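Here is the structure we will look at, set down as structure tokens.
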Amino acid sequence: MRETRRALAETLSRIGSLIGDGRSRDDVLDVEQLSNESGVPRDVVRMLLDGEEPPAEDITDRIVRRIVHLRETRLRPDGTRHSYDEIAASYGASRASLSNLVNSRRKTPSPQTPSRRALSQQVPSQQVPSEQVPSQQTGERRPARSGGPLASTQAGIETFFFGQPNGWLSAEPQASLDNALQSVLHGLEGEAADPMARLRSTHGLRELAARAPQLAEEELQLVTDWIDTILQRRHAQRVRGTESDSSHTEGH
């Protein structure tokens, strides 16, 4: 648990250092997209981005919830969901075994996600070993890495959607979000290495004058920073102009 927390914190710190002036974290981190990619609920993604602890979750409930999430977000080319028959057959199981697993867990009422204030008032559970997850419903401790039939189901479903078992269904929220953030981090690192990359991604600028490639790296960085500043100012002026026109129209 500590390693996944530290890895996520380091990734967010690195992203923060690369965002630069003129942009905020909200400009580069799409909570909806991160949730879709990681399988972590949107409210929990926001909590993790703010450095808060996610609520405890039974490992089987997490796996089942993410199975449902995969069916809803990783669709067929025609836009329809993969059937339980199709998924189960890919790893030699029956539709009934998979649908029964999902339905049995979904029928069990799950407590609502605690509020941030409630979570902050909870007594930390240092006594719970890091490799175990307490069930919110029964207090039962289940291993974070499932064994037996559930393990083969998990491996089969991950292979169906990702090509190989990768622990996606059972990974802790911190690890899942950290993995989803890597594409954002790599994009920002690319912008830092290529001064033109930020102008392309932020302003849609495709190229500079033909002489620009002849500039030294430090000179090109100065030019792109100057262009970035001008374009940001123009954007801000357009926004203010739009707001002024809207206010003037409402006054009449």
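Remember, it's a predicted structure, so these values are computed and weren't measured experimentally.
For the residue pair Q174 and L48, the shortest heavy atom distance occurs at CG-CD2, 3.9 Å. Contact record, Y84 with S99: CD1-CB, 3.9 Å, taken as the closest heavy-atom pair. Closest non-hydrogen pair, A88 versus S94, comes out as CB-O, 3.4 Å. Considering every non-hydrogen atom in both T159 and P165, the closest pair reads OG1-CD, 3.3 Å. Between P55 and V44, the shortest heavy-atom contact is CD-CG2, 4.2 Å. Residues I19 and R25 come closest through the heavy atom pair CD1-CA, 3.6 Å.
Judged purely by atom type and a 3.5 angstrom limit, S13 has no side-chain atom pairing as donor or acceptor with the backbone of A9. Judged purely by atom type and a 3.5 angstrom limit, N100 has no side-chain atom pairing as donor or acceptor with the backbone of S97. Proximity of a side-chain donor or acceptor of E158 to a complementary backbone N or O of G167 within less than 3.5 Å is detected. Panel note: side chain R65, backbone G39; a donor-acceptor pair is recorded below 3.5 Å. A donor-acceptor contact shorter than 3.5 Å links the side chain of D58 to the backbone of T60.
Applying the side chain to side chain donor-acceptor pair (under 3.5 Å) rule to S176 yields the partners R66; only residues at least two apart in sequence or on another chain are considered. For T11, the side chain to side chain donor-acceptor pair (under 3.5 Å) partners at least two apart in sequence or on another chain are D178, Q182.
No side-chain heavy atom of E172 sits under 4.5 Å from any side-chain heavy atom of P54. Residues V102 and R71 fail the side-chain proximity criterion, which asks for heavy atoms closer than 4.5 Å. Taking 4.5 Å as the limit, every side-chain heavy atom of V28 sits out of range of all side-chain heavy atoms of L18. You'll find the side chain of T153 reaches within 4.5 Å of the side chain of Y91, heavy atoms only. For the pair D26 and V31, the minimum side-chain heavy-atom distance is 4.5 Å or more. Using a 4.5 Å heavy-atom threshold, the side chains of S170 and I59 count as touching. Here the side chains of L34 and V40 are not in contact, with every heavy-atom distance at 4.5 Å or above. I67 places none of its side-chain heavy atoms less than 4.5 Å from the side chain of R105.
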Quiz prompt | Full working for side-chain contact (heavy atoms from CB on, under 4.5 Å) between E37 and V184 | solution = CA-CA 12 Å; E37 292 181 3; V184 178; over 6 Å; no
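Considering CG of L70 and CD1 of I87, their distance stands at 8.0 Å, rounded to 0.5 Å. Taking NE2 of H69 as the reference point, atom CG of L169 lies at 10.5 Å (rounded to 0.5 Å). Remark: L181 CG to L49 CG distance equals 6.5 Å, nearest 0.5 Å. Between atom CG of residue D30 and atom CG of residue N36 there is a gap of 8.5 Å, rounded to the nearest 0.5 Å.
For the salt bridge (Lys or Arg N to Asp or Glu O under 4.0 Å) condition, the pairs that include at least one residue of residues 77-90, sequence neighbours left out, are R76-E86, D85-R95.
Between H82 and F160, the angle of the ring planes goes over 60°, which puts this pair in the perpendicular group of the 30/60° scheme.
Ionic pairing of E53 and R5 is present here: one or more N-O contacts between side-chain nitrogen and carboxylate oxygen are shorter than 4.0 angstrom.
The hydrophobic cluster containing L75 does not contain L98, counting ILVMFWY residues as joined when their side-chain heavy atoms lie under 4.5 angstrom apart, directly or transitively.
Summarising the local packing, CZ of R42 is surrounded by 12 or fewer heavy atoms from other residues, nucleotides or ligands at distances under 6.0 Å.
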